[in-house]
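Just so you know, these numbers use all the heavy atoms, side chains as well, and skip hydrogens, waters and symmetry mates. Just so we're clear, the structure is a prediction, and the values are computed from it rather than from any experiment.
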Amino acid sequence: MQEAGDEPGEQFADQKCDRFEKVLPDNIALQPDADIYMNFMKEHQCYDAIPTSSKLVVFDTTLQVKKAFLAMVANGVRAAPLWNSKEQCFVGMLTITDFINILHKYYTSPMVQIYQLEEHKIETWRESYLQGSLKKLVSISPNDSLFDAVYSLIKNKIHRLPVIDPVTGNVLYILTHKRILKYLHLFASKLSKPAFMKKTLGELRIGTYRQVALVEETSTVFQALTIFVSRRVSALPVVNELGKVVNLYSRFDAINLAAQKAYNNLDVSVKEVLEQRWHCFENVLKCYAHETLEVIIDRLVEHEVHRLVLVDEEDVVRGIVSLSDMLQALVLSPAGLNELSLHHTGDPAQATGAGGP
């Protein structure tokens, strides 16, 4: 699927989202030896996927929003758990999507300063944006299986899953699709490969193929942010006047506006801001319908990207293949869990073909 972005509300359960553009890889469940990776994930805990060394940034909800985003840029993180000192617990996540939503909601023109970004505290923004719809933070125990982690990420349409120690209440790590797929790619390499790994994207039809969200390179940054908010996607293929993909504008690119303090002028073109990238941001990587699932996964892991843009021979966009698509296909579909049924199933162990962790 064309991945949904991490919104404040999206870090909580039972969020509704249209699935009209999703092509479900249900046929994978019918393949022989399709459960190899599913079983591997059930046999390994979240703790196993936590690296020996990693960076974790935590914000108090009384911190100013602007300072929080600048700290995220300085530390190179995309999200941070939020600690409520009054309640003495973690209450949510602050992500780049919050930054985008603030800009989109309050931006008027280059001549008007965004007061809400300059002055609001994190708790003020959360109260304003969520408007009383606060729900329990979605998290997972280090002792839970990686299968449960994949299930929770995709079911709740979130990109980041805090691993919280059930005894101390401390956040140990933030699990992501990227980290889980990398772990699977590395440690499951000694397993026999399922037959479907040799099938092509054209045969399996994994990903988004209809109504793919795009942005023209001449569009303004504000127009791109509008698409992010309305379509709830995490990246936009950038196309030229011929409709050919020339770049990729992701939500992570938007945080560059904070780094350069350029968020007061969102009327510049997407092409201009991409030419001013100050860091090695994720660029556009392509894939083709004739390539096998094995090749696609290798490319995602090797380049450490969140998605590939499916193009034809003319470089015209035909679809998007994301990390969540891969985990859905490798782990959940063999368990009889497709993305639509996840919203009607309480316990993954109760689904057809899904045993306990």
Which heavy atom of [X] sits nearest a heavy atom of [Y], and at what distance?
X: Val212; Y: Arg231; value: C-NH2, 4.4 Å
X: Ile140; Y: Leu161; value: CG2-CD2, 3.7 Å
X: Ala49; Y: Tyr183; value: CA-CD1, 3.9 Å
X: Val163; Y: Ser141; value: CG1-C, 4.1 Å
X: Gly169; Y: Phe90; value: O-CE1, 3.4 Å
X: Tyr173; Y: Ser54; value: CD1-OG, 3.6 Å

Between the main-chain N or O of [Y] and the side-chain N or O of [X], is there a donor-acceptor pair closer than 3.5 Å?
X: Gln88; Y: Ser85; result: yes
X: Tyr209; Y: Ile206; result: yes
X: Ser152; Y: Ala149; result: no
X: Arg126; Y: Val91; result: yes
X: Asp165; Y: Pro142; result: no

Is there a side-chain contact (heavy atoms from CB on, under 4.5 Å) between Val238 and Val284? Walk through the geometry before answering. CA-CA 9 Å; Val238 180; Val284 59; over 6 Å; no
Just so I know, are the side chains of [X] and [Y] near enough to count as touching, which here means a heavy-atom distance under 4.5 Å?
X: Arg232; Y: Thr97; value: no
X: Asp253; Y: Val270; value: no
X: Asp315; Y: Lys286; value: yes
X: Phe59; Y: Gln64; value: no
X: His177; Y: Leu153; value: yes
X: Phe40; Y: Ile36; value: no
X: Met93; Y: Leu137; value: yes
X: Ile297; Y: Leu330; value: yes

Yes or no on side-chain contact (heavy atoms from CB on, under 4.5 Å) for Tyr37 and Lys193, after CA distance, side-chain angles and deciding distance? CA-CA 9 Å; Tyr37 295 144; Lys193 286 186 171 62; 3.8 Å; yes
Distance, nearest 0.5 Å, that separates [atom1] of [X] from [atom2] of [Y]:
X: Ser139; Y: Ile158; atom1: OG; atom2: CD1; result: 9.0 Å
X: Met41; Y: Tyr151; atom1: CE; atom2: OH; result: 15.5 Å
X: Glu203; Y: Lys198; atom1: CD; atom2: NZ; result: 13.0 Å
X: Ile50; Y: Ile174; atom1: CD1; atom2: CD1; result: 10.0 Å
X: Trp125; Y: Asp98; atom1: CH2; atom2: CG; result: 6.5 Å
X: His306; Y: Arg78; atom1: NE2; atom2: CZ; result: 4.5 Å

Could you walk me through whether Gln328 and Ser333 pass the side-chain hydrogen bond (donor to acceptor under 3.5 Å, both in side chains) check? CA-CA 6 Å; Gln328 169 70 51; Ser333 289; 3.2 Å; yes
With a 3.5 Å cut-off and sequence neighbours excluded, list the donor-acceptor pairs that the side chains of residues 214-229 form with protein atoms.
unit_1 : atom_1 : unit_2 : atom_2 : d
Ser219 : OG     : Glu216 : O      : 3.2
Thr220 : OG1    : Gln223 : N      : 3.1
Thr220 : OG1    : Gln223 : OE1    : 3.4
Gln223 : OE1    : Thr220 : N      : 2.8
Thr226 : OG1    : His104 : NE2    : 3.1
Thr226 : OG1    : Phe222 : O      : 2.9

According to a hydrophobic-cluster definition based on side-chain heavy atoms being under 4.5 Å apart (Ile, Leu, Val, Met, Phe, Trp, Tyr only), do Val295 and Val305 belong together?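 Different hydrophobic clusters.
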Leu308 and Val316: same hydrophobic cluster, using ILVMFWY side-chain contacts below 4.5 Å?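 In one cluster with Leu308: Val316, no.
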So which of Leu323, Val321, Ile320 actually passes side-chain contact (heavy atoms from CB on, under 4.5 Å) with Arg307?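 The single option meeting the side-chain contact (heavy atoms from CB on, under 4.5 Å) with Arg307 is Ile320.
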Scan side-chain atoms only and decide if Asp267 and Tyr107 contain a donor-acceptor pair under the 3.5 Å cut-off.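 Asp267 vs Tyr107: donor-acceptor pair found between side chains.
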side-chain contact (heavy atoms from CB on, under 4.5 Å) between Phe147 and Asn39: does it pass, once the steps are laid out? CA-CA 8 Å; Phe147 179 88; Asn39 290 333; over 6 Å; no
Evaluate the criterion side-chain contact (heavy atoms from CB on, under 4.5 Å) for residue pair Phe69 and Leu94; output intermediate values, then yes/no. CA-CA 9 Å; Phe69 288 127; Leu94 187 74; 4.0 Å; yes
